[in-house]
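Keep in mind that what you see is a predicted model, and the values were worked out from it rather than measured. Note that these values count all heavy atoms, side chains included, but never hydrogens, waters or copies made by symmetry.
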Amino acid sequence: MRLSKMLFVTLRDDPADAEIPSHKLLVRAGYIRRIGSGVYAYLPLMWRVLQKVSQIVREEMNATGAQECLLPQIQPADLWKESGRWDTYTKAEGIMFSLTDRREQQLALGPTHEEVITTIARDTIRSYRQLPVHLYQIQTKFRDEIRPRFGLMRGREFIMKDGYSFHTDEESLKATYQDMYQAYSNMLRRCGLEFRAVEADSGAIGGSGSTEFMVLAEAGEDEVLYTDDGKYAANVEKAVSSPPDAETSNFTNYEKVETPKTETIEKLCKILECSPTQIVKNVLYQAVYDNGTTVLVLVNIRGDQDVNEVKLYNELTKLASTYKANSILGLEVPSPEAQEKWAAKSLPLGYIAPDIGDDYIKSSKEVHSKFLRFVDKTAVDLKNFVTGANESGFHVIGANWGEQFKLPELVVDIRTAKVGDRSVHNPAQTLKSARGIEVGHIFQLGSKYSQAMGATYTTEQGKDRALEMGCYGVGVSRMAQAAVEQSYDKDGIIWPVAIAPYHAIVTIPNIKDAQQVEVAEKLYTEMNQAGIETLLDDRTERAGAKFKDADLIGIPYRIVTGRAIANGKVEVAERKSSESYEIAIDEVVSTLMQKIKDELLTKN
């Protein structure tokens, strides 16, 4: 492609709304343009990148036997109500665009397609002989992000590959799950990305187990905790670990003591001269389920630890049926305004004890009249601990479970794992941290959707059984931007060869020099004929501006038909290494073909 004929406009300054380097560079280099909040146009250079990423994804999926299809973007609300996720996605998370057509039917723009694909399976799969089956699509998705940011990283419209598999049993599901683990690893490696596969929370998708694929980058929104031995890595939302040992308590007798102005652990430790590991702190949450029921949750946890709200959310979801509900619409520390709706009397905030009475809750149809009580494992074995006294300005010391306080029946692990914690699999290994950009996520869904939507098959014994299901997503547009976030310098983007829009760019320093033009035209033709995707910068710009643009857009190899042509040579500049050297004009094609081949082979 000739740049003089291409829609190609670069910017000198960073866009005002861009926060991270990859977003700034993609806009400045003419890859994307903002159309609205969280909505971007993919310009010709970007579309070539996306096509290459898509092709790598497609090849790896097809190699596993998965079949490509295309599912509707508009989905009837009835399907989501069948699965029980309509309120979760439109009210709780609020990420789904919902609308009503002129026949007054509720519809949604698909953020994901579990309901649609399960409907297809219900209508088409009858027998175990048809299983397993695995379908996937590459399509635009829509999510109503309340604060779109980072360009394509967290946009409202994006391109994604999502796949869904159906099985007779868990063993078959796990086999496909492992196939996807390998396929996703292959995709990322072939795209030239440094990544880490980590244990992850399944979130609103659900299921028994999931793995995220994180591209490592400082601008990543997710924190990954891992061990140096390579045997453990998890998203901080999912990570487990062994906390530091608790210090022996300084207190041997139980008594109530005055502790004014000690609403925080730090202030309390200072006034009592104790370790936070000797304290049981009691954190109050408010959970609202999809049937309108509000449940007040009291969490007892060791004073030096923090509640992991994702883990807490999951524990509360397990108990949804207890309150005749399906899912949680909201989970938060209740504000003063929220407390006014259910508190029967003023709460001793900052001084709550594990045995705070249920009489603090008003009796009503909307609010469950008893505290739901959880104790984190870190607090279970504490002896002679410090905790609240249910009276503002007072704590108790020397307290024990089974004596002054009853140990809650629901013992859970809802603490946040931290850097420096000991690993569960090997206490000699401690957790370290890295930032990551989630570009892929695979799930073992089990029978969550098939049971809810009546998708069954007939077994060899003639019995009906719910289908086992897997779900596998990878962000195509997100992966493209993640590649930029992982590889750039002060001059611009550095694309991996496999997904670069073009392999090489031939630059004519002086368009008025006939010999420079002749050599450039010859190389441009020969390189493209040889399969080296090549741009020709034949614009009437200054040489310096052309060189800057070539660096900005990140083409792996730049060939300059400058003064060296007098000696039968051209200059080759490698974007990744910043090295430049002269080679004979007749050797350009063969040299670049070998370099590109070697680069691609190292990633396969």
Is it true that, when you exclude [X] itself, more than 12 heavy atoms of the residues, nucleotides or ligands shown sit nearer than 6.0 Å to its [atom1]?
X: Arg58; atom1: CZ; answer: yes
X: Ile146; atom1: CD1; answer: no
X: Arg542; atom1: CZ; answer: no
X: Glu332; atom1: CD; answer: yes
X: Met593; atom1: CE; answer: no
X: Lys522; atom1: NZ; answer: yes

For [X] and [Y], does a side-chain donor sit closer than 3.5 Å to a side-chain acceptor?
X: Glu266; Y: Thr264; result: no
X: His23; Y: Asp14; result: no
X: Ser241; Y: Arg415; result: yes
X: Asn235; Y: Glu199; result: no
X: Thr176; Y: His134; result: no
X: Thr64; Y: Asp179; result: no
X: Tyr184; Y: Glu60; result: no

Mind checking the [atom1]-[atom2] spacing from [X] to [Y]? Nearest 0.5 Å is all I need.
X: Phe158; Y: Leu152; atom1: CZ; atom2: CG; answer: 11.0 Å
X: Leu109; Y: Ile74; atom1: CG; atom2: CD1; answer: 5.5 Å
X: Met214; Y: Glu438; atom1: CE; atom2: CD; answer: 5.5 Å
X: Leu45; Y: Ile32; atom1: CG; atom2: CD1; answer: 12.0 Å
X: Gln486; Y: Leu216; atom1: CD; atom2: CG; answer: 6.5 Å
X: Ile56; Y: Asn186; atom1: CD1; atom2: CG; answer: 11.0 Å

Please determine if [X] and [Y] form a salt bridge, counting it only when a charged side-chain N lies under 4.0 Å from a carboxylate O.
X: Glu212; Y: Arg196; answer: no
X: Arg539; Y: Asp537; answer: yes
X: Glu221; Y: Arg435; answer: no
X: Asp489; Y: Arg575; answer: yes
X: Lys418; Y: Asp306; answer: yes
X: Lys548; Y: Asp491; answer: no
X: Glu145; Y: Arg154; answer: yes
X: Lys595; Y: Glu599; answer: no
X: Asp162; Y: Lys141; answer: yes

Check whether any side-chain heavy atom of [X] sits under 4.5 Å from a side-chain heavy atom of [Y], and report yes or no.
X: Met479; Y: Ile437; value: no
X: Pro111; Y: Arg143; value: yes
X: Ile117; Y: Tyr449; value: no
X: Ile442; Y: Tyr177; value: yes
X: Met153; Y: Ser22; value: yes
X: Tyr40; Y: Glu157; value: no
X: Tyr164; Y: Tyr472; value: no
X: Glu59; Y: Met187; value: no

Quiz item: cation-pi between Arg156 and Phe142, 6.0 Å / 45°
no

Examine Arg558 relative to Phe547 and say whether NZ or CZ is less than 6.0 Å from the centre of the six-membered ring and inside a 45° cone about the ring axis.
yes

As a test of understanding, state which of Ile532, Thr561, Leu536 forms a side chain to side chain contact (heavy atoms under 4.5 Å, CB included) with Tyr524.
Leu536

Flag, side chain of [X] to backbone of [Y], donor-acceptor distance under 3.5 Å:
X: His113; Y: Gly163; answer: no
X: Ser210; Y: Ala200; answer: yes
X: Ser487; Y: Ala483; answer: no
X: Thr10; Y: Arg28; answer: no
X: Ser590; Y: Glu587; answer: yes
X: Gln481; Y: Phe150; answer: yes
X: Asp538; Y: Arg2; answer: no

Measure across [X] and [Y] and return the closest heavy-atom pair with its distance rounded to 0.1 Å.
X: Glu19; Y: Arg149; value: OE1-NH2, 2.9 Å
X: Leu71; Y: Gln137; value: N-OE1, 2.9 Å
X: Ala239; Y: Ala417; value: O-CB, 3.7 Å
X: Val419; Y: Ser433; value: CG2-CB, 3.3 Å
X: Ala29; Y: Phe8; value: O-CE1, 4.3 Å
X: Pro243; Y: Gln305; value: CB-NE2, 3.9 Å

Trace of the side chain to side chain contact (heavy atoms under 4.5 Å, CB included) decision for Asp421 with Thr430
CA-CA 5 Å; Asp421 285 352; Thr430 57; over 6 Å; no

Before you tell me yes or no, could you show the steps for Trp86 and Ser98 under side chain to side chain contact (heavy atoms under 4.5 Å, CB included), namely the whole-Å CA-CA distance, both residues' side-chain angles and the distance that decides it to 0.1 Å?
CA-CA 10 Å; Trp86 179 258; Ser98 58; 3.8 Å; yes

Run Glu115 and Arg85 through side chain to side chain contact (heavy atoms under 4.5 Å, CB included) and show every step you take.
CA-CA 9 Å; Glu115 282 75 7; Arg85 292 204 301 173; 2.7 Å; yes

Show me the donor-acceptor pairs, under 3.5 Å and distance only, between side chains in residues 493-516 and residues at least two apart or in other chains.
residue	atom	partner	partner atom	Å
Trp495	NE1	Tyr31	OH	2.8
Trp495	NE1	Ile553	O	3.2
His503	ND1	Glu533	N	3.1
Asn510	OD1	Lys512	N	3.0
Asp513	OD1	Gln515	N	3.0
Asp513	OD1	Gln516	N	3.1
Gln516	OE1	Asn510	N	2.8

